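Here's the structure we're looking at; comments come further down.
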Amino acid sequence: MQEGGELIKLDYGAEEEAFHMNHTKRLQPFERGNHYHGTYEIYYLLNGQRTYFIRDRSYHVLGGDLVFINRHEVHKSSVIGDPRHERIVINFREEFLASSLTLPDVDLMSPFRQKSHVMRLNLRSQMLVNSVMDKLTRELQERRTGWQSAVKLLLAELLLFAVRQAEEADGQPARVDEHPDPVHRKISEVVRYLHAHYSEPLKLETLAAEFYISPYYLSRCFKKVTGFTFIEFLTLTRIREAQLLLRRTDRKVIDIAQAAGFDNIAHFGRTFKKATGLTPGAYRRQKDS
DNA sequence: CATGCTGACTTTGAATTGTG
DNA sequence: CACAATTCAAAGTCAGCATG
């Protein structure tokens, strides 16, 4: 991972903390490897342009766009054209707001559940977001009395803004374009296919045949777009489904393994433990995260 | 750009044995 | 009985290098 060209980097708190903000300006190409986590993420691109892969498609993100990524959603940003860009990333946990702020008339988390992950803002809205970001930065830097409350309130303000913005945009769809690169579109199709068929036996070769491309090419393009290898992605999808079923149902582990696409329990257990650190049974008994 | 080959590496499945 | 761990060979994947 290249680190050159960073001009501003403000980090507050470790990854595990409830709230985390990072403002970075880059001149050199930079790829943050694919990942997913239990925190909500707000990505604000101040200028430049990026490709952002989220869940099953690539977005062409421009300066002034706000991106909302739900917990556990797979995402990865990468270069498109000019590598220079400036961006703010905010991560926070559910409890951060929920534990101290109850707003009965609005659901602040709704922006994370929208159909489109990217919100394109007009200049006026961008100014508003900029000012909230500035205030957040200042609070985090100066840490004056009550700064933690101030951060919560500012985050709530940002989210409330997004909720309203989403409502307005509902009328006139300010659609964010599908990614221009045909390879990205193709891989989006493949990912959607995987999301629909993970419970069946799948291998690269048949998948490639399904989409009329060579397995070699598919393997490479898939990695380039999603940041995951084919197997990594497929396993991730299956494990997450299994986790869901373990949490939400009381079906037997064997059935769940089957439903998630593992036709071999031994292999399922092994893979599950590697991915989550727990055996399926232990995971079910824990029931947090 | 799309593809093919190769060899190192990882994943998978069946059988078996262990645990509560 | 339901689940977990281990072992081992076969099957599958993937990065690097090569090609039209």
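Note that the structure is predicted; figures quoted are calculated from it, not measured. Letters A, B, ... mirror the listed sequences (proteins, then strands); counts begin at 1.
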Examine His23(A) together with Tyr44(A) and report whether their ring centres are nearer than 6.0 Å. no
Looking at Trp147(A), does the NZ or CZ of Arg144(A) lie under 6.0 angstrom from its six-membered ring centre and within 45 degrees of the ring axis? no
Taking only side-chain nitrogens and oxygens of Ser219(A), does any of them come within less than 4.0 Å of OP1 or OP2 of dT13(C)? no
My understanding is that only residues two or more places apart in sequence, or in another chain, count here; which of them pass side-chain hydrogen bond (donor to acceptor under 3.5 Å, both in side chains) with Glu205(A)? none
Please list, pair by pair, any protein nitrogen or oxygen found under 3.5 Å from a nitrogen or oxygen in nucleotides 16-20 of chain C.
{"residue": "dG16(C)", "atom": "O6", "partner": "Arg220(A)", "partner atom": "NH1", "Å": "2.9"}

If the sugar-phosphate is the primed atoms plus P, OP1 and OP2 and the base is the rest, what is the B/S/- string for nucleotides 9-20 of chain B, using protein heavy atoms under 4.0 Å? --SBBBB-----
Separation of dC3(C) atom P from Tyr283(A) atom OH, nearest Å, is 16 Å
Among residues 196-214 of chain A, which contact DNA chain C at a heavy-atom distance under 4.0 Å? Lys203(A), Leu204(A)
Indicate, with a heavy-atom threshold strictly under 4.0 Å, whether Gly269(A) touches base, sugar-phosphate, or nothing. nothing
Is the charged tip of Arg285(A) near the ring of Tyr283(A): under 6.0 Å from the six-membered ring centre and within 45° of its axis? no
Below 4.0 Å: OP1/OP2 of dT13(C) and any side-chain N or O of Thr229(A): no
Hey, are Arg113(A) and Asp107(A) close enough for a salt bridge, meaning a charged N less than 4.0 Å from a carboxylate O? yes
Sugar-phosphate, base or nothing in reach of Pro215(A), heavy atoms under 4.0 Å: nothing
Kindly indicate whether a cation-pi arrangement holds for Lys152(A) with Phe96(A), taking the cut-offs as under 6.0 Å to the six-membered ring centre and within 45° of the axis. yes
Just checking Phe222(A) against Phe228(A), ring centres under 6.0 Å apart? no
Please give, in whole Å, the distance from dC3(C) P to Lys273(A) NZ? 16 Å
List, one per line, each side-chain donor-acceptor pair under 3.5 Å for residues 261-269 of chain A, sequence neighbours excluded.
{"residue": "Asn264(A)", "atom": "OD1", "partner": "Ala266(A)", "partner atom": "N", "Å": "3.0"}
{"residue": "Asn264(A)", "atom": "OD1", "partner": "His267(A)", "partner atom": "N", "Å": "2.9"}
{"residue": "His267(A)", "atom": "NE2", "partner": "Thr271(A)", "partner atom": "OG1", "Å": "3.1"}

Summary of side-chain hydrogen bond (donor to acceptor under 3.5 Å, both in side chains) pairs that have at least one residue in residues 228-237 of chain A, sequence neighbours excluded: Thr229(A)-Glu232(A)
Salt bridge present between Glu94(A) and Arg71(A) (N-O < 4.0 angstrom): yes
Determine whether a donor-acceptor pair (N or O, by modelled atom type, separation under 3.5 Å) exists between the side chain of Tyr40(A) and the backbone of Phe112(A). no
Verify the contact: side-chain N or O of Lys252(A) to OP1 or OP2 of dC3(C), cut-off strictly under 4.0 Å; return yes or no. no
Value in whole Å for how far the C1' atom of dA2(C) lies from CG of Asp255(A): 11 Å
Measure CZ/Phe268(A) against C1'/dA5(C) and give the value in whole Å, please. 15 Å
